[in-house]
Amino acid sequence: MNRRELLFWLSALGGLGPKALAQVLENPSRLYELPPYGDVTLLYFSDLHGQAFPHYFMEPPNLIPPKPLMGRPGYLTGEAILRYYGVERKTPLAYLLSYLDFVELAKAFGPIGGLSALAALIRKQKAQVEAEGGRVLVLDGGDTWTNSGLSLLTQGEAIVDWQNLVGVDHMVSHWEWTLGRERAEALFKKLKGEHLSYNVVDELFGDPLYPAYRIHQMGRYALAIVGATYPYVKVSHPEEFTEGLSFALDVRRLQEAVDQARAEGADAVVLLSHNGLQLDAALAERVKGIDLILSGHTHDLTPSPWRVGKTWIVAGSAAGKALMRVDLKLTKGGIANLRLRILPVLARHLPGAPDVEVFLEKTLAPHRQHLLEPLAVSESLLYKRDTLYSTWDELVGQAVKALYPEVDLVFSPAVRWGTTILPGQAITRDHLYAYLGFTYPDLYLFWLRGEQIRNTLEDIASNVFTPDPFYQQGGDVSRVFGLRYVLDPDAPVGKRIREVEVGGKPLDPNRRYLAASYGGRLQRVGEAKAGYEPRPIYQVLEEYLRAAGRVRVLPKPNVRVLGRNYRVPEVGS
């Protein structure tokens with residue numbers, strides 16, 4: 001990448017003065033009119049999670065790393081990430097990158113994302129490149145079809161229809177499989193683009209079920225796109241969704257796919273990956289011949305590429321907040337240079353795509369009242385993403401406890417998706433689905449012994465804080481309402497969790513506690529509460545919100561972290 005170009009772009013996006021910024025927002029096309037560069041342009045987004053309409057999405061206040069991984073991309077938040085990339089506070093790029101000043105910036109710049117604005121931006125960029133004689137591929141990093149109201153009510157079909165309108169060339173997958181194997185396979189057939197995966201194979205015979213790669217001729221050079229599905233689908237989700245399939249991480253099979261693509265004439269190889277940033281960095285050190293990894297799953301955003309060995313890594317953000325434009329200058333045997341541009345999807349300042357707006361209106365029509373009906377108003381900031389705690393999970397815990405006062409503790413899954421609610425904003429069912437849009441949403445009540453609770457917390461900590469990315473098999477740390485503890489992320493396995501309290505009293509390893517849980521499989525460990533019928537968690541929360549009318553959840557983390565600076569965002573109003 002040309003350093004002068006990078007610094008220009010960062011200054012244009014991240015360091016505008018008030019007057020210059022006002023001029024840009026009056027004519028936002030100035031941010032997106034880019035001169036041509038190289039032999040091929042990749043327009044890349046990831047982790048859309050079905051978010052069809054403009055919304056707010058705050059970056060995590062905390063990303064707590066294992067000690068050996070401290071200070072590297074994927075574990076930077078707040079001031080640290082702004083310093084790392086040289087971004088000034090209270091600017092458009094700071095709004096995309098950091099939780100700092102979030103409420104203020106959300107009011108200034110407006111919501112992000114939405115299928116209409118993202119589609120228009122993709123089309124405009126593609127048209128600009130092709131008008132100059134360039135070539136373009138539209139690449140989708142996965143986690144696209146699920147976890148929103150419109151996706152849940154159409155079983156993913158609305159989002160596939162949008163992908164076809166936009167012209168997605170290739171995609172990879174993860175949460176798509178929670179629609180169930182039969183449904184996912186049917187939607188992959190409906191997709192006009194191509195699902196690539198080196199590691200979705202028949203569980204019994206090991207035969208690949210999708211192409212591992214596709215080679216595109218780009219003038220004098222050939223570019224291969226290799227696809228990688230999230231390798232821990234069966235660990236993270238109920239096995240019945242993917243019966244007969246294997247998604248295992250297989251370094252040997254991936255190396256063979258890269259080697260075969262090169263043997264068939266590929267000059268450069270791009271891995272379109274849903275592995276997550278840390279695992280992709282580890283693979284870059286082990287698999288030879290990958291020039292660029294487009295990384296999804298962990299919702300990271302990289303304003304400049306991360307160089308690991310001979311491989312560039314670019315992370316594609318999440319929730320539709322940005323489109324990554326990666327221009328490649330190819331050469332025989334690889335990538336000679338690249339240029340990365342973050343194109344923010346500032347919905348208030350971008351034109352929409354008229355045909356997509358018509359499509360969305362038609363698709364939304366039978367669900368409009370259901371999805372957009374206000375249920376309550378939030379008087380405080382509700383957010384989801386954080387390593388250990390969020391005000392959204394606090395709200396869910398309060399709701400479960402209010403409706404089922406006999407419950408001692410409430411486990412919430414630490415998925416990375418979920419929108420953000422500003423103070424004073426109405427909460428709709430569409431927001432509930434954006435946080436709770438599981439295809440397995442039932443809330444279970446069951447008995448666990450204190451020893452089982454401690455072991456569960458230790459197992460989760462072992463997964464999240466292992467320094468080896470090959471053994472990180474999930475999201476963040478599950479939240480537990482009604483329980484407090486001390487976390488030492490640097491302690492040996494089995495000794496990271498200390499001073500556990502339930503209801504203000506020390507955890508009794510022999511006592512039975514009534515636990516509630518949803519969006520996971522923890523209920524299988526315990527003994528179901530007699531007479532209780534599981535019900536979807538979003539119905540539970542809706543009942544609570546309707547009764548409350550207004551909710552105010554101030555951040556009160558229930559975890560004290562040793563050896564790290566753990567913080568919560570400011571409370572905006």
Side-chain angles (χ1 to χ4, degrees), residues 38-48 122 125-126 129-130 134-144 163-164 166-174 176 188 191-200 208-231 247 250 253-276 279-280 283-284 287-297 305 310-316 323-336 338-340:
D39 303 287
V40 60
T41 293
L42 308 179
L43 299 177
Y44 168 57
F45 63 91
S46 188
D47 295 276
L48 183 64
I122 290 171
Q125 291 298 306
K126 185 174 182 179
V129 174
E130 291 178 343
R135 298 164 189 264
V136 179
L137 290 174
V138 180
L139 303 176
D140 180 337
D143 278 5
T144 304
Q163 288 176 303
N164 289 339
V166 171
V168 169
D169 292 294
H170 298 297
M171 73 173 292
V172 290
S173 59
H174 169 205
E176 286 75 10
F188 283 132
L191 181 72
K192 293 179 182 178
E194 190 173 33
H195 176 240
L196 298 177
S197 178
Y198 86 93
N199 63 319
V200 177
L209 300 181
Y210 296 92
Y213 60 89
R214 188 64 66 194
I215 298 175
H216 296 268
Q217 194 65 40
M218 300 295 178
R220 295 177 297 164
Y221 304 108
L223 175 70
I225 307 295
V226 179
T229 301
Y230 181 60
F247 304 85
D250 190 331
R253 187 187 287 268
L254 178 57
Q255 185 67 70
E256 288 175 353
V258 172
D259 293 344
Q260 187 174 346
R262 287 197 177 274
E264 292 179 14
D267 293 294
V269 174
V270 174
L271 180 65
L272 180 61
S273 167
H274 203 85
N275 289 321
L279 180 52
D280 281 329
L283 286 172
V287 180
K288 307 304 179 186
I290 300 176
D291 299 289
L292 169 66
I293 299 177
L294 299 177
S295 182
H297 175 60
K310 296 182 178 180
T311 303
W312 294 107
I313 303 178
V314 171
L323 175 68
M324 312 299 281
R325 173 170 166 173
V326 188
D327 298 301
L328 305 179
K329 181 178 282 295
L330 303 178
T331 187
K332 272 298 178 187
I335 295 174
L338 62 81
R339 181 181 68 182
L340 170 64

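Numbers for residues simply follow the sequence, beginning at 1.
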Trainee: Please step through salt bridge (Lys or Arg N to Asp or Glu O under 4.0 Å) for the pair R262 and D291, ending with a clear verdict.
Mentor: CA-CA 12 Å; R262 287 197 177 274; D291 299 289; 2.6 Å; yes

Trainee: Establish, from distance only, whether the side-chain atoms of H274 and S173 form a donor-acceptor pair under 3.5 Å.
Mentor: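 H274 vs S173: no donor-acceptor pair found between side chains.
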
Trainee: Under the 3.5 angstrom rule, does the side chain of T331 hit a backbone N or O of G334 as a donor-acceptor pair?
Mentor: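 No: the side chain of T331 does not pair with the backbone of G334.
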
Trainee: Would you please test T41 and Q125 for side-chain contact (heavy atoms from CB on, under 4.5 Å) and show each step?
Mentor: CA-CA 9 Å; T41 293; Q125 291 298 306; over 6 Å; no

Trainee: Would you give the length of the straight line joining atom OG1 of T229 to atom CZ of F247, rounded to the nearest 0.5 angstrom?
Mentor: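 It is 7.0 Å, given to the nearest 0.5 Å.
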
Trainee: Return the CG to CZ distance between L272 and R214, rounded to the nearest 0.5 Å.
Mentor: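 Rounded to the nearest 0.5 Å, the CG-CZ separation comes out at 13.5 Å.
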
Trainee: Could you give the distance from CG (D280) to CD1 (I293), rounded to the nearest 0.5 Å?
Mentor: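 Those atoms lie 4.5 Å apart.
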
Trainee: Measure the CG-OG distance between L294 and S46 for me, rounded to the nearest 0.5 Å.
Mentor: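 Between L294 CG and S46 OG, I get 9.0 Å after rounding to 0.5 Å.
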
Trainee: Working to the nearest 0.5 angstrom, can you tell me the gap between L209 CG and F188 CZ?
Mentor: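 So the CG of L209 and the CZ of F188 are separated by 11.0 Å.
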
Trainee: Begin with the C-alpha distance, continue with both residues' side-chain angles, and end with the deciding distance and a verdict on side-chain contact (heavy atoms from CB on, under 4.5 Å) for L43 and M324.
Mentor: CA-CA 6 Å; L43 299 177; M324 312 299 281; over 6 Å; no

Trainee: Between the side chains of D327 and R325, is the shortest nitrogen-to-carboxylate-oxygen separation below 4.0 Å, so that they form an ion pair?
Mentor: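 Yes, R325 and D327 are salt-bridged.
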
Trainee: Nearest heavy-atom pair of V226 and A257: which atoms, and what distance?
Mentor: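 Heavy atoms only, the tightest pair is CG1-CB, 4.5 Å.
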
Trainee: Using modelled atom types and a 3.5 Å cut-off, is there a donor and acceptor pairing between side-chain atoms of E176 and backbone atoms of T144?
Mentor: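 Pair found, side chain donor or acceptor close to backbone of T144.
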
Trainee: For K288, enumerate each residue passing the side chain to side chain contact (heavy atoms under 4.5 Å, CB included) test, keeping only those at least two apart in sequence or located in another chain.
Mentor: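 K288 satisfies side chain to side chain contact (heavy atoms under 4.5 Å, CB included) with Q255 only.
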
Trainee: Are V269 and I225 side-chain neighbours, meaning at least one heavy-atom pair lies under 4.5 Å?
Mentor: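 No - every pair of side-chain heavy atoms lies 4.5 Å or more apart.
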
Trainee: Can you find a heavy atom in the side chain of N199 that is under 4.5 Å from one in the side chain of P231?
Mentor: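 When only atoms from C-beta onward are counted, P231 and N199 do touch, with a gap below 4.5 Å.
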
Trainee: Without swapping roles, check the side chain of D169 against the backbone of L139 for a donor-acceptor pair under 3.5 Å.
Mentor: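 Flag not set: sc D169 to bb L139 has no pair under 3.5 Å.
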
Trainee: Return each pair, listed once, that meets salt bridge (Lys or Arg N to Asp or Glu O under 4.0 Å) where at least one residue sits in residues 264-273; pairs must be two or more places apart or across chains.
Mentor: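 For residues 264-273, and leaving out neighbouring residues, the salt bridge (Lys or Arg N to Asp or Glu O under 4.0 Å) pairs sorted by first residue read D267-K332.
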
Trainee: With a 4.5 Å heavy-atom cut-off, do T311 and V287 have their side chains touching?
Mentor: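 No, too far: nothing below the 4.5 Å cut-off.
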
Trainee: What's the shortest heavy-atom distance between G276 and H297, and which atoms?
Mentor: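 For G276 and H297, the tightest heavy-atom pair comes out as N-CB, 3.6 Å.
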
Trainee: Nearest 0.5 angstrom please: E130 CD to R135 CZ, how far?
Mentor: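 It comes to 10.0 Å.
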
Trainee: Which heavy-atom pair separates L196 from A212 by the least distance, and what is that distance?
Mentor: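 Smallest heavy-atom distance, with atoms named: CB-O, 4.3 Å.
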
Trainee: Please determine whether side-chain contact (heavy atoms from CB on, under 4.5 Å) holds for the pair L271 and L254, giving the CA-CA distance in whole Å, both sets of side-chain angles, and the decisive distance to 0.1 Å.
Mentor: CA-CA 10 Å; L271 180 65; L254 178 57; 4.0 Å; yes

Trainee: Given side chains that start at C-beta, do those of R339 and V326 come closer than 4.5 Å, heavy atoms only?
Mentor: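 A side-chain contact under 4.5 Å is absent here.
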
Trainee: Relative to each other, are the rings of H174 and Y230 parallel, tilted or perpendicular (30° and 60° limits)?
Mentor: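 Tilted: the ring planes of H174 and Y230 meet at 30° to 60°.
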
Trainee: What pair of heavy atoms forms the shortest contact from I335 to A268, and how long is it?
Mentor: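 For I335 and A268, the tightest heavy-atom pair comes out as CG1-CB, 3.9 Å.
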
Trainee: What heavy-atom pair brings Y44 and S295 nearest, and what distance separates the two atoms?
Mentor: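 What the structure gives for the nearest pair is OH-O, 2.9 Å.
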
Trainee: Does any non-hydrogen side-chain atom of L292 lie less than 4.5 Å from one of I290?
Mentor: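 I290 does not reach L292 side chain to side chain.
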
Trainee: Could you check whether Y198 and Y210 have their ring centres less than 6.0 Å apart?
Mentor: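 Judged by ring-centre distance (under 6.0 Å), Y210 and Y198 do not meet the cut-off.
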
Trainee: When you look at D140 and H170, which way does the side-chain contact (heavy atoms from CB on, under 4.5 Å) test go after all the steps?
Mentor: CA-CA 6 Å; D140 180 337; H170 298 297; over 6 Å; no

Trainee: Return the minimal non-hydrogen interatomic distance between P305 and W312, and the atom names on each side.
Mentor: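 In this case the closest contact between P305 and W312 is CB-CE3, 3.4 Å.
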
